2 protein chains.
Amino acid sequence: MQADRRVNEELARADARKWHFAVLATLDEFGAASQAELSDRTRIYRSDLVAVINELTARGQVDRAPDPADRRRNLITLTQAGRRQLRELDKVLAEVEEEVLAPLSPVERKQLTDLLTVLVEHHGQPM
Amino acid sequence: MQADRRVNEELARADARKWHFAVLATLDEFGAASQAELSDRTRIYRSDLVAVINELTARGQVDRAPDPADRRRNLITLTQAGRRQLRELDKVLAEVEEEVLAPLSPVERKQLTDLLTVLVEHHGQPM
DNA sequence: CCAAATCGTTAGTCACACTAACGCTAGTTC
DNA sequence: GAACTAGCGTTAGTGTGACTAACGATTTGG
């Protein structure tokens with residue numbers, strides 16, 4: 001919870017929240033996608049995603065356009081500004097991570113992430 | 001987040017939330033206390049604690065009475081029903097923990113809790 | 001004795017998880 | 001090709017939890 005609070009604080013200073021980061025990072029990793037795909041990948045409910053995409057488009061960080069191949073869909077695309085913001089947030093989050101993990105040695109950090117990775121992968125989507 | 005969701009689900013089935021558990025457990029560990037002390041120990045804001053204590057008294061799990069030694073204070077006391085509920089919640093949470101940590105061996109579980117303990121103790125209250 | 005601090009309380013904001021329902025579009029079936 | 005079904009985006013609303021501001025009552029320290 002304390003780590004979470006620090007993350008939120010620092011993201012706020014960069015005019016962002018966790019959801020914004022999640023969407024930007026997902027678009028960067030998997031490329032342009034519909035809102036439904038983003039919802040699946042980020043675990044953000046499609047109802048909440050609407051507002052997030054609104055905010056990101058208002059900041060010019062993503063582009064929302066109807067998908068010509070399926071007119072029910074919106075295609076969300078990462079813009080240059082979005083890519084810049086993502087790099088910025090990556091930096092911010094790396095700093096917080098360093099701060100949070102400060103008391104652990106490199107070996108211990110690897111142990112911790114390995115253990116947590118096992119947990120996440122074990123109970124995948126459903127749980 | 002998935003573990004948190006499971007915890008919330010199971011607590012809800014026992015007619016409780018995380019805050020209720022936190023207060024009951026703290027009263028059990030440190031004995032009767034004022035709301036301000038509970039706020040310090042549980043990290044629940046004193047403004048939110050009011051409602052939690054209201055709910056716990058409504059369920060008969062704690063008792064709220066003015067402290068004769070300092071009439072600004074309310075003394076919160078664990079009742080028998082509160083102790084019973086705490087034991088119940090302990091059981092529920094142990095089950096969820098077992099479920100969450102299922103893929104880890106006993107040694108790995110100890111590693112994980114040790115690492116997390118280091119983190120929590122390193123950045124104590126402030127952070 | 002008076003000012004400052006503490007305590008409980010009320011009211012309100014914000015982030016995020018989650019549900020229900022509606023209109024639109026696409027694919028399927030008869 | 002009409003009707004049904006399913007998927008998509010959107011709106012509105014609920015509940016939990018973190019956090020702030022302010023107020024009346026009481027206690028404490030100079």
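Chain A is the first sequence line, chain B the second, and so forth, proteins listed ahead of strands; every chain is numbered from 1. These numbers come from a predicted model, not from an experiment.
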No-hydrogen, no-angle side-chain donor-acceptor test under 3.5 Å, B:Gln80 and B:Arg83: yes
No-hydrogen, no-angle side-chain donor-acceptor test under 3.5 Å, A:Gln2 and B:His123: no
Side chain to side chain contact (heavy atoms under 4.5 Å, CB included) against B:Ser105, all qualifying residues, sequence neighbours excluded: B:Val107, B:Glu108
Ionic contact status for B:Arg6 with B:Glu10, cut-off 4.0 Å: yes
Residue pairs, two or more places apart or on separate chains, that pass side-chain hydrogen bond (donor to acceptor under 3.5 Å, both in side chains) and touch residues 84-94 of chain B: none
Who are the salt bridge (Lys or Arg N to Asp or Glu O under 4.0 Å) partners of [X], not counting sequence neighbours?
{"X": "B:Glu37", "result": "none"}
{"X": "B:Arg46", "result": "none"}
{"X": "B:Arg71", "result": "none"}

Span of DNA chain C, from the first to the last nucleotide whose atoms fall under 4.0 Å of chain A heavy atoms: C:dA15 to C:dA26
Got a list of protein N/O to nucleotides 1-8 of chain D N/O distances below 3.5 Å?
unit_1, atom_1, unit_2, atom_2, d
D:dC8, OP1, A:Arg73, NH2, 3.4

Residue-level proximity of residues 53-69 of chain A to DNA chain D when a heavy atom falls under 4.0 Å: A:Arg64
Pairing residues for B:Glu98 by the side chain to side chain donor-acceptor pair (under 3.5 Å) criterion, not counting sequence neighbours: B:Arg109
By side chain to side chain donor-acceptor pair (under 3.5 Å) - contacts of A:Glu121 (at least two apart): none
N/O (side chain, B:Tyr45) to phosphate O (OP1/OP2, D:dG17) under 4.0 Å: no
Donor-acceptor pair, side chain of B:Asp48 and main chain of B:Ile44, under 3.5 angstrom: no
Sub-4.5 Å side-chain heavy-atom contact between A:Leu116 and B:Leu112: yes
Selection: residues 14-24 of chain A, any non-hydrogen atom under 4.0 Å of DNA chain C: A:Arg17, A:Lys18, A:Trp19
Nearest-Å distance for atom pair CG/P, residues A:Asn8 and D:dC19: 9 Å
Would you give me the side-chain donor-acceptor pairs under 3.5 Å for residues 62-70 of chain B, sequence neighbours excluded?
unit_1, atom_1, unit_2, atom_2, d
B:Arg64, NH1, B:Gln35, OE1, 2.9
B:Arg64, NH2, B:Asn54, OD1, 2.2
B:Asp67, OD1, B:Ala69, N, 2.8
B:Asp70, OD1, B:Arg72, N, 3.0
B:Asp70, OD1, B:Arg72, NE, 3.2
B:Asp70, OD2, B:Arg72, NH2, 2.9
B:Asp70, OD2, B:Arg73, NH1, 2.6

